[in-house]
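Written out below as structure tokens is the structure these notes cover.
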Amino acid sequence: MWQGVHINATEDRAVLHVALRQPRGAGVGGADIEQAVMAERARMLGFARGVREGAIQGSPASPSAWW
């Protein structure tokens, strides 16, 4: 999986869930995949931070109480 071998037979491509766990610069899946993964991680971090800090609230305008 980490080498990008096409083991997803139904879609004839490499499995990409390992790309989500890669450190920056590992290049799993190629530069385009790495860039997309790092951008999505940053977006998710921003969302999580917004929830924790209260900037993103539940409905109706009350802080989420998931923890």
Donor-acceptor pairs under 3.5 Å, side chain of residues 29-37 to any protein atom, not counting sequence neighbours: which ones?
{"residue": "E34", "atom": "OE1", "partner": "G27", "partner atom": "N", "Å": "3.4"}
{"residue": "E34", "atom": "OE2", "partner": "G25", "partner atom": "N", "Å": "2.5"}

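Applying the side chain to side chain donor-acceptor pair (under 3.5 Å) definition to pairs two or more places apart or across chains, those involving residues 37-51 are E40-R43.
When the side-chain contact (heavy atoms from CB on, under 4.5 Å) test is applied to A48, the partners found at least two apart in sequence or on another chain are R52.
Pairing each heavy atom of Q22 with each of M38, the nearest pair is O-CE, 3.7 Å.
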